[in-house]
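Shown next, in structure tokens, is the structure this report addresses.
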Amino acid sequence: MAAPGPPTPPDVPMPLPEPNPLPELIRLKRDGGRLDEADVRGFVRAVVDGRAQGAQIGAMLMAIRLRGMDTEETAALTRALAESGQQLEWPEAWQGQIVDKHSTGGVGDKVSLVLAPALAACGCKVPMISGRGLGHTGGTLDKLESIPGFTAIQSPEQMRRLLEQVGCCIVGQSKKLVPADGILYAARDVTATVDSLPLITASILSKKSVERLSALVVDVKFGEAAVLPSQAQARELAAALVGVGTGLGLRVAAALTAMDNPLGRSVGHTLEVEEALLCLDGAGPPDLRDLVTRLGGALLWLNRQVETQAKGAAWVAATLDDGSARGRFEQMLEAQGVDPGLARALCSGTPARRRELLPRARQQEELCAPADGTVELLRALPLAQVLRDLGAGRNRAGQSIRPGVGAELLVGVGQRLRRGAPWVRVHLDGPALSIPQRRILQGALVLSDRAPFAAPSPFAELVLPPTGGPTDTQK
Ligand code: URA
């Protein structure tokens, strides 16, 4: 019989068990095993303190992408990512006012630029921690950073000041805020592991749980240009976001929205800022306004500020029409580093003046319709892929982007088009479009013989927590 060891002195804490070495953890997940809380924390700690090599991070991400994670593992990953940095603290008086929306990523999706200030104008506090472009989709932070002077990196103390002064801010994760997500997010982009349900769920909810929200709406895109193309997969992701989020104490709903056509008429960073400003003028493309008001309406309803989603949508629409949302946007730009004169000129200028103030691509090329027809579809995926190759997106982590590169759609879905009429204007910096690029772009225009029709709303359905919304009958 082994001699008993020396008793542990009562005031000395028991040492934490040594985490499994990384190759063991990777092997476990690779072979379809479960990672427990300590395993997940061990991996995330190694990612943040630099012990995990790039190859190990990529291998673990791929193992998770292929083997999946159950609800507890996903919740453990969410907690570990959230706790890799500082938690945000807000004054007691803000309880019940702190809300946010997040998107899984789309082409032409500039909703956050409009919705954050609109919600601030409705009296909410919106501490939005947003992302950069992932895959072929654009990133909110990249769009805002195309405005000279805009600073996405803000400390927790600066965020608090921004919420006090303006009511909203849009910031990036940083060394202080969810640093582990920043590292994994960039690694996913270059390891074909973007489209993993548990990785998307943990990435989004970790940022949101740090924000200490009272309500969150996630815009889960589906369609050819979404990270998850099928509506069934998107519904699965929505269920995971709502289930894991509810388990973590968040009041969260997920909107399923279509992403086959780009949202709005503009794709590319400065072009999208211009279109967001149009929406903040109370104008702009109807599908963008529709999504902004419906997501905002759902959020205000979920947060019990209005009795029905329709009333919430009408409130958001009113802030666009009376200029109060645009006023908050101007304040936010100024508070996040944009010269006050530029912020004012952008927000009060004409569309032509705005274009002069923002970085522009060197040249433009228009493509014309090859036949008469009604526009059935403007396929966002090939459009975004060509634009990414022209410099509007990244092919590897950290690559710089060309803010002025993008495309303006000159027609909308459901409209009649005559052969030879221009349908898209491409803004580009480099040489003229190549023949293969022109061919791919022309493939994005899908025409039919149908009579012209009204384009449907991208908003498909709202997935609520198991307990339902504030009152299930009042949607
Ligand atoms: N947004 C995020 O923050 N993470 C994802 O994985 C996808 C969208």
Side-chain angles (χ1 to χ4, degrees), residues 44 47 57-58 60-62 64-65 68-69 73-75 77-82 84-85 88 100-113 115-116 126-144 152-153 170-174 177-211 213 216-223 225-229 233-234 236-242 244-245 248 250 252 254-257 259 263 295 380 384 393-394 397:
V44 170
V47 167
I57 296 175
M60 179 61 104
L61 291 173
M62 186 55 81
I64 295 173
R65 163 66 180 77
M69 278 182 144
E73 285 177 293
T74 310
L77 181 59
T78 308
R79 277 191 294 271
L81 295 178
S84 67
L88 297 171
D100 198 1
K101 93 97 194 143
H102 197 88
S103 155
T104 56
V107 176
D109 183 359
K110 66 279 291 174
V111 166
S112 292
L113 274 61
L115 188 53
V126 191
M128 192 178 274
I129 304 177
S130 212
R132 297 189 183 278
L134 202 54
H136 63 272
T137 64
T140 297
L141 298 179
D142 298 319
K143 291 169 201 178
L144 284 166
I153 300 304
I170 303 181
V171 308
Q173 65 69 224
S174 63
L177 283 177
V178 238
D181 179 60
I183 301 168
L184 296 188
Y185 198 88
R188 281 167 59 206
D189 204 13
V190 292
T191 53
T193 53
V194 167
D195 59 345
S196 151
L197 260 55
L199 293 177
I200 300 173
T201 304
S203 167
I204 293 179
L205 292 179
S206 61
K207 292 191 276 287
K208 302 298 131 175
S209 82
V210 162
E211 294 175 12
L213 301 174
L216 167 69
V217 168
V218 185
D219 178 1
V220 179
K221 307 277 190 203
F222 64 90
V227 174
L228 301 171
Q233 279 176 312
E236 231 186 288
L237 174 61
L241 284 160
V242 171
V244 173
L248 294 171
L250 268 170
V252 50
L256 298 191
T257 73
M259 180 33 70
L263 187 63
L295 291 171
R394 297 185 178 86

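In each ligand, atom 1 is the first atom listed, and ligand 1 is the first ligand listed.
Between the side chains of Ser103 and Lys221, no donor-acceptor pair is found at a separation under 3.5 Å.
A distance of 5.5 Å separates CG in Leu88 from CG in Leu177, rounded to the nearest 0.5 Å. In this structure, Arg188 CZ and Ile200 CD1 are separated by 6.0 Å, a value rounded to the nearest 0.5 Å.
With contacts defined as side-chain heavy-atom distances shorter than 4.5 Å, the pair Ile64/Ser196 qualifies.
Considering backbone and side-chain N/O of Asp181, none are found under 3.5 Å from N/O of ligand 1. For the pair His102 and ligand 1, the shortest N or O to N or O distance falls below 3.5 Å.
Of all the atoms in ligand 1, the ones that sit under 4.0 Å from a non-hydrogen atom of Arg188 are 5 (C), 6 (O). Remark: ligand 1 atoms within the under-4.0 Å shell around heavy atoms of Ser103 are 1 (N), 8 (C).
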